[in-house]
Amino acid sequence: EVTNQSEGEASDTDVIQTPGGQDSGTAEGQKTSGHLLVILTELETKLRDTQREMEVLKSQVQGNKVAFGASISTGENIGPFKTEITLVYKKVYVNTGSFNSATAPVRGVYYFSFSGHNISSKPMGLRLMKNGEQMVTVFNHPAGNRHETATNGMTLQLEVGDHVYMRLREERN
């Protein structure tokens, strides 16, 4: 038997009686509450998983930011040498904590810019190297007795552990 306030419509407070006189509204309500609790728990789990995924994606988008500025010297001459040498950066001006003179700390796209300065009565040659292979070079040829600067740069896709370094050509300053 159903008790309702208006014709043919049950309200939220209506009670459904079974023929034996038991209240089946309470059992249905418990089933509904239990079902809603399961749904809520599943949604909370999905939300936590989504939040974790978002943090991973944010770190991938932001990445481990690598930025550094370094120089070989603060004015003294380097070279010439009888053989080509690998240059060692002695002065680090800016470092996000990832400057490593041996290898790339994280996978990513890196931009390298380099300059050499010399008196043009002597030749100068620099090579940007990646894992033993020349990527780009810059030269100044003897052209009088004036100060000259040569600059070059390149963007490289690096993997963790890639080795990028500068070489000073033999018999060059």
Side-chain angles (χ1 to χ4, degrees), residues 34-173:
H35 184 67
L36 290 175
L37 185 59
V38 168
I39 291 172
L40 179 60
T41 303
E42 289 173 356
L43 288 173
E44 287 173 336
T45 301
K46 286 181 182 180
L47 178 60
R48 275 192 304 275
D49 291 346
T50 301
Q51 287 172 328
R52 272 183 247 147
E53 288 174 20
M54 286 293 293
E55 289 303 316
V56 168
L57 289 173
K58 277 174 39 179
S59 71
Q60 288 175 349
V61 168
Q62 293 174 345
N64 294 324
K65 295 177 182 170
V66 177
F68 58 89
S71 70
I72 295 166
S73 71
T74 55
E76 69 269 9
N77 290 332
I78 307 286
F81 298 100
K82 297 257 182 233
T83 60
E84 186 170 294
I85 66 162
T86 298
L87 298 172
V88 177
Y89 288 83
K90 297 175 184 173
K91 178 74 174 157
V92 177
Y93 298 98
V94 175
N95 183 6
T96 63
S98 297
F99 175 68
N100 179 335
S101 61
T103 60
V106 296
R107 180 181 188 276
V109 175
Y110 291 71
Y111 177 72
F112 293 91
S113 174
F114 59 95
S115 298
H117 179 78
N118 73 324
I119 296 177
S120 63
S121 61
K122 300 175 185 175
M124 179 191 59
L126 298 169
R127 301 191 313 151
L128 177 67
M129 308 292 289
K130 175 186 168 190
N131 299 329
E133 180 183 350
Q134 178 178 299
M135 297 288 102
V136 68
T137 188
V138 68
F139 284 99
N140 264 358
H141 298 284
N145 193 20
R146 61 182 184 260
H147 293 275
E148 290 188 350
T149 300
T151 301
N152 209 339
M154 181 173 207
T155 302
L156 296 173
Q157 172 70 49
L158 299 181
E159 300 298 327
V160 172
D162 279 349
H163 188 58
V164 178
Y165 52 98
M166 294 298 305
R167 301 278 289 173
L168 177 64
R169 302 296 305 257
E170 68 279 349
E171 302 299 330
R172 306 290 196 265
N173 288 359

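A donor-acceptor pair is defined here as one N or O able to donate and one able to accept, closer than 3.5 Å; such a pair exists between the side chain of N131 and the backbone of H163. With K90 contributing its side chain and A70 its backbone, the two residues share no donor-acceptor pair below 3.5 Å.
At least one side-chain heavy atom of Y89 sits under 4.5 Å from a side-chain heavy atom of I72. Side-chain contact between T137 and L126: absent, with no pair of heavy atoms (C-beta onward) separated by less than 4.5 Å. Annotation: side chain of V106 is not in contact with side chain of L158 (no heavy-atom distance under 4.5 Å). Side chains of L40 and L36 form no contact here, defined as non-hydrogen atoms less than 4.5 Å apart. Between Y165 and L87, the closest side-chain pair of non-hydrogen atoms is not below 4.5 Å.
Not counting sequence neighbours, R48 has no partner by the salt bridge (charged side-chain N to carboxylate O under 4.0 Å, His left out) test. Looking at residues two or more places apart in sequence or on another chain, you find a side-chain contact (heavy atoms from CB on, under 4.5 Å) between E84 and R127, R167, R169, E170. Looking at residues two or more places apart in sequence or on another chain, you find a side-chain contact (heavy atoms from CB on, under 4.5 Å) between V136 and F114, L128, N152, M154. Partners of T155 under the side-chain contact (heavy atoms from CB on, under 4.5 Å) rule, at least two apart in sequence or in another chain, are V109, Y111. Residues that satisfy the ring-ring contact (aromatic ring centres under 6.0 Å, His included) test with H35, not counting sequence neighbours, are absent from this structure.
Atom CD of E133 sits in a sparse spot, with 12 or fewer heavy atoms from other residues, nucleotides or ligands closer than 6.0 Å.
The stretch residues 142-155 participates, sequence neighbours left out, in these salt bridge (Lys or Arg N to Asp or Glu O under 4.0 Å) pairs: R146-E148.
Taking the charged nitrogens against the carboxylate oxygens, D49 and K46 have no contact shorter than 4.0 Å, which rules out a salt bridge.
Using a 3.5 Å distance cut-off with no hydrogens or angles, the side chains of Y93 and S71 do pair a donor with an acceptor.
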